[in-house]
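Letters A, B, ... are given to chains in the order of the sequence lines, protein chains preceding strands, and every chain is numbered from 1.
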There are 2 protein chains.
Amino acid sequence: MDVKHYMAQLGAQAREAAGLLSRADTGAKNAALLAMARAIDSSREALIEANQLDLENGRNNGLDAAMLDRLELTPERIGTMVEGLKQVAGLPDPVGGITDMNFMPSGIQVGKMRVPLGVIGIIYESRPNVTAEAASLCLKSGNATILRGGSEAIHSNQAVAACIRAGLVEAGLPEAAVQVVETTDRAAVGELITMPEFVDVIVPRGGKGLIERISNDAKVTVIKHLDGICHVYIDAEADPKKALDIALNAKTHRYGTCNTMETLLVNSVVADLMLPELAKAYAEKGVELRGCERTRGVLSDAVAATEEDWSTEYLAPVLAIKVVDSIDEAITHINRYGSHHTDAIVTENYTLSRRFLTEVDSSSVMVNASTRFADGFEYGLGAEIGISTDKIHARGPVGLEGLTSQKYVVLGDGHIRQ
Amino acid sequence: MDVKHYMAQLGAQAREAAGLLSRADTGAKNAALLAMARAIDSSREALIEANQLDLENGRNNGLDAAMLDRLELTPERIGTMVEGLKQVAGLPDPVGGITDMNFMPSGIQVGKMRVPLGVIGIIYESRPNVTAEAASLCLKSGNATILRGGSEAIHSNQAVAACIRAGLVEAGLPEAAVQVVETTDRAAVGELITMPEFVDVIVPRGGKGLIERISNDAKVTVIKHLDGICHVYIDAEADPKKALDIALNAKTHRYGTCNTMETLLVNSVVADLMLPELAKAYAEKGVELRGCERTRGVLSDAVAATEEDWSTEYLAPVLAIKVVDSIDEAITHINRYGSHHTDAIVTENYTLSRRFLTEVDSSSVMVNASTRFADGFEYGLGAEIGISTDKIHARGPVGLEGLTSQKYVVLGDGHIRQ
């Protein structure tokens, strides 16, 4: 197969479908989502069969246990896919909403209408449930999608794709509204990210390596999510109970998520008070502590932190701790070593809370709340296609609105420009 | 001079200045803008002297009359720069505004705060007044700027830059908040658009060739403005007077602007009625008409339009005219041949106006108004750094808000995630 030609064909089909989809009414889109849910629900056997094939190949190819786990479609995960589709059907449709319609001095009315972006390319790794999830968010926001999953999940993804197509057809929407790339040739990714005539945005979902590669080579905008090196800063005026709760929750609620705290900053005024108590709580959870010199002055058991620790996303029960003398030192550290993802201050001081919110350059800034809240669902977006660590277009958790844009709408009554 | 090293130095200085600028209060930014205005006003002699040098070099290097005109700094144009700076000082500051702050079921409050993008690179051609204009918009929106003007305007741009620096210093803002590239080496552009560590967005202002080159090579987001192939569609139910006024204004108000109509679509039902009257009005203005076969059936004097005419931005007193049978044909033509810039329908029909607004995929869609209204000032933005024909981040006229982004702000009271 000529991959270039094949991808261009998918692209042209997607572009055409996007035109139709952009004017599809909410009812049709919801009907398609519900039909997809029914199709997946009634194809459980076929899905598990296809998944078994992928799992078998994976085991033969020596995939590790974590990878095989992500690849597996359990009955529970299929149920989650079905529920997810129903939930997206229940979300408000962002497309077509008109805001800020005002009269101008010339007499024209000017407002903004929310519109789909067009064609969205999704590149993801082993988890086959992303296929349904990403497709549903793009569909609801009126975008056509080209999905390129990991080669290790090709049979599972194709089985899910069949259900998606069945749903589209049942609702009278174009089949090419959601297309799953059928070749495992790696060149397909290279094509997908370099055809701006057919693809408007790329959303990569996967490890940092994948996202960096794609960002480097892409010729279209990438909504990217790099690392989450999140901080909690315990200020001198922190409430000790809140500080303990938040520092513990931000690190230990889940270790592998991007909004997990990786570095704890503690004001020197409260270091003697807070650190031993924190260390005890972390020890109970089995968290390894790596401290700066002053931290180790209080916690002699802590490992010595190296320069590298300040910019490491552990995704593991490991925490770097640094004692700082002021909010200025904390903010400077966060803006320098952090990943502009999510950072929190614990303080009862009004002025410092205001400074932290303004001066920390991250997609989510928090006062007296755990970094673990940085999440599309917790923010009320109803869905999440990813968390953008970029500043352009979408920043932080990206929901349906992040998959749309706004065009200007002008209403006149024969108005001409003077 | 080592251009790579020099540009990296500008970049690092801009990045540092951006940090300070992002927290500069509105008063300081306005004071700087007003000080810049005073500095330019009191440096008229030096500005004109520097400009004379550029004009002389330009004449020696054989620049054409249009280019020399754009290059010239007349006393009137200097006055416009001064006024422009004062006007930007008078605009509301977009930075720091918090919106949509709501309580979530978990008890946290979540809202969005408007923040600067960081460092903006501006690449422009001969007009030296762009230096002050672009710098002022970036400064007001809290961004640091690196400006790279055309080599033919280097002395004028440096003279303007000196005034800008004086204003920054007077207001106590970092001098590196606005930097004008001092080398005319073309490699500087190549560096500027490929240092994502120092530059967040590129705004190219100039011809299509420049913008396409930059978009192709850039490693950061480009807010681009390609052609303006704008349409007016006169529907079967158009009010003839409004149709005539709008079709005339959209074409003849100014020929060289991107929101000028380049193709007129006329419904076949009213072609016999409208075309002769339109042709008479255009003839009086000296506009050459290029028609499809059916147009030439009514207007035998019109030149035969070729396929190329439908996708040509004339920027001249030339108009392509096509007779269509329906709104569907009109919309299909616009979405296919247009540049997604600005398109208008003239109709009294409610349903068709609604369809046009929804289905035409352009940054501005209009009903019964001239395409010439597509402009930041006419839209009430108070300023305009360009008109984006892109869908990502900013679409249509881009004002101060288009130079900002939003981060999430979360307020809790010791909240942890369950």
Proximity breakdown for [X] and chain B, heavy-atom pairs closer than 4.5 Å:
X	value
A/Ser362	backbone
A/Thr221	side chain
A/Asp375	side chain
A/Asn259	side chain

Of the listed residues ([options]), which shares the most heavy-atom pairs with chain B below a 4.5 Å separation?
options	result
A/Gln109, A/Lys219, A/Met104, A/His253	A/His253
A/Gln406, A/Met113, A/Lys241, A/Glu378	A/Glu378
A/Ser370, A/Gly396, A/Ser363	A/Ser363
A/Glu348, A/Lys242, A/Lys112	A/Lys242

Given a strict heavy-atom distance threshold of 4.5 Å, which part of [X] is in contact with chain A: side chain, backbone, both, or neither?
X	answer
B/Val365	both
B/Asn102	neither
B/Asp390	neither
B/Leu381	side chain
B/Pro397	both
B/Gln418	backbone
B/Ser106	side chain

To the nearest 0.5 Å, how far apart are NE2 in B/His393 and OG in A/Ser405?
10.0 Å
May I ask you to decide if the ring planes of B/Phe373 and A/His415 are parallel, tilted or perpendicular, using 30° and 60° as cut-offs?
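Geometry flag for A/His415 against B/Phe373: perpendicular rings.
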Determine yes or no for a side-chain-to-main-chain donor-acceptor pair under 3.5 angstrom, with B/Lys407 supplying the side chain and A/Lys391 the backbone.
no
When you measure from the side chain of A/Asn249 to the backbone of B/Arg417, do you find a donor-acceptor pair of N or O atoms at a distance under 3.5 Å?
yes
When only pairs under 4.5 Å are counted, which of [options] shares the most heavy-atom pairs with chain A?
options	answer
B/Val409, B/Asn368, B/Leu248, B/Leu357	B/Asn368
B/Leu117, B/Thr358, B/Asn216	B/Leu117
B/Ile416, B/Val367, B/Val110	B/Ile416

Taking the side chain as every heavy atom from C-beta outward, state whether A/Tyr379 and B/Val410 have any pair of such atoms under 4.5 Å apart.
yes
Non-hydrogen side-chain atoms of A/Asp361 and B/Val115 separated by less than 4.5 Å
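Contact flag for A/Asp361/B/Val115 side chains = no.
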Does B/Tyr255 OH have over 12 foreign heavy atoms under 6.0 Å away?
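It does: B/Tyr255 OH has more than 12 such atoms within range.
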